[in-house]
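This report concerns only the one structure given below.
Letters go in sequence order (proteins before strands), and every chain restarts at 1.
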There are 2 protein chains.
Amino acid sequence: MLEEGYAAVSSRRVASKAGLKPQLVHYYFRTMDDLFLALFRRRAEVGLQRQARALASAQPLRALWEYSTDPAGTALTMEFIALASHRKTIRTEIAHYAERFRAAQIEALSSLTERYGLHPDTCPPAALTVLMTSISRVIVMEQALGMSTGHAETLALVEQHLHRLEGDLKPPGTPRTPQSH
Amino acid sequence: MLEEGYAAVSSRRVASKAGLKPQLVHYYFRTMDDLFLALFRRRAEVGLQRQARALASAQPLRALWEYSTDPAGTALTMEFIALASHRKTIRTEIAHYAERFRAAQIEALSSLTERYGLHPDTCPPAALTVLMTSISRVIVMEQALGMSTGHAETLALVEQHLHRLEGDLKPPGTPRTPQSH
DNA sequence: GTCTATAGCTGGATAGAC
DNA sequence: GTCTATCCAGCTATAGAC
């Protein structure tokens, strides 16, 4: 899917990669759409857990931002969205999971608004999640195409806000305030 | 392309829509990629002109926003991007035109910064174009999937900023200040 | 579960007549 | 420019043997 797109994923090629006969693919997944659905669900469940860990970390916004700027993950997600645009059953499934991702983000960010002193009118949590998703997705997508104009300025803007809300970037194990032992 | 995706565009189907034989498609465009390239270029040139008109209007930001939230246009662009992800020649061409679109936006917005009293540090024109592109593209994409969570809040945020910078939405023919004749 | 065999379709692209 | 003819390849999916 990553190298040649969803349309290049055939039962023959999948079987060949697995060292099996193409008919076995149809034995496990009757249609190719069934295979895509199974693949998407497994990926989405793992992703939901990773996102939950990110949102529970010491710097939730930074962790979320790093998670959403992963190039390989974004590329595969875009491929699934392209597929979903033309298959109703897959579209329904993707929309369902995407709403779960977003709901978890909104819930986590809502509990941060007072801690961070965010005015709900200036930028409600729901809008913040859409903003972060949009920016990361489009920049990663454009990078994959070889574009770069405006990226540095936009990333600087994001970093500026992240810094204001969560301070410097700290490695995962580092406590927010130095502790003596 | 819109209904079934770029992978469903074949010389046979194109010819059939045109009431001709498939071989004629190969006569005019040796390969299918040549056909996609020609289609993309024609669309891009028209788009550049439309964008230029939008940026030269009385409310450039609003006009740009309306232009970039067109569902059909966005869907087709996303289809070309999906195609470009897997064909080098098409990727190069799309990146080239996308940079031209962006450059025109940045140039137009740069001349607006002082008129609108925008601080270049708060939001440089280059970042503003990336922001508007990102938000519109992702929201339109999500709407196509049937998602809606967070859209209202985000659109309200955009409208709020558009209003601050360019006032109310006025129909194209309406002058910014009432004029007597 | 894994295989062989097979039906039936769709596709890109070229050669050469007119 | 448009056609006929053609090659060769790829694909999904099912039936049925072992």
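- Using a 4.5 Å cut-off between side-chain heavy atoms of Ile, Leu, Val, Met, Phe, Trp and Tyr, A/Val138 falls into a hydrophobic cluster with B/Val138.
- Annotation: A/Arg42, atom CZ; neighbour count of heavy atoms from other residues, nucleotides and ligands within 6.0 Å does not exceed 12.
- The local environment of CD in B/Glu107 is sparse, with at most 12 non-hydrogen atoms from other residues, nucleotides or ligands closer than 6.0 Å.
- Between A/Ser136 and A/Thr74, the closest side-chain pair of non-hydrogen atoms is not below 4.5 Å.
- The side chain to side chain donor-acceptor pair (under 3.5 Å) test with B/Tyr97 singles out one residue from B/Arg41, B/Arg102, B/Glu45, and that residue is B/Glu45.
- A salt bridge (charged side-chain N to carboxylate O under 4.0 Å, His left out) check over residues 66-91 of chain A, counting only residues at least two apart or in different chains, returns the pairs A/Asp33-A/Arg87.
- Straight-line distance from the CZ atom of B/Arg13 to the C1' atom of C/dT10: 10 Å, rounded to whole Å.
- From the 5' end on, the contacts that DNA chain D makes with chain A at under 4.0 Å to a non-hydrogen atom open and close at D/dC11 to D/dT14.
- Within residues 19-31 of chain A, the residues approached by DNA chain D to less than 4.0 Å at the level of any non-hydrogen atom are A/Gln23, A/His26, A/Arg30, A/Thr31, in residue-number order.
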Let's go through B/Phe29 and B/Leu37 carefully: what are the C-alpha distance in whole Å and the side-chain angles of both, what is the deciding distance for side-chain contact (heavy atoms from CB on, under 4.5 Å) to 0.1 Å, and is it a yes or a no?
CA-CA 10 Å; B/Phe29 312 93; B/Leu37 272 180; over 6 Å; no
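- Among residues at least two apart or in separate chains, there is no side-chain hydrogen bond (donor to acceptor under 3.5 Å, both in side chains) pair with a member in residues 118-134 of chain B.
- Of the residues in residues 83-94 of chain A, none has a non-hydrogen atom less than 4.0 angstrom from any atom of DNA chain D.
- Contact of the B/Leu145 side chain with the A/Thr92 side chain is not registered, since no non-hydrogen atoms from C-beta on lie closer than 4.5 Å.
- At a threshold of 4.5 Å between non-hydrogen side-chain atoms, the residues A/Leu24 and A/Tyr28 count as touching.
- A straight line from CZ of A/Arg12 to C1' of C/dT4 spans 14 Å, rounded to a whole angstrom.
- Dashed line: the shortest gap from a side-chain N or O of B/Ser11 to OP1 or OP2 of C/dG12 is under 4.0 Å.
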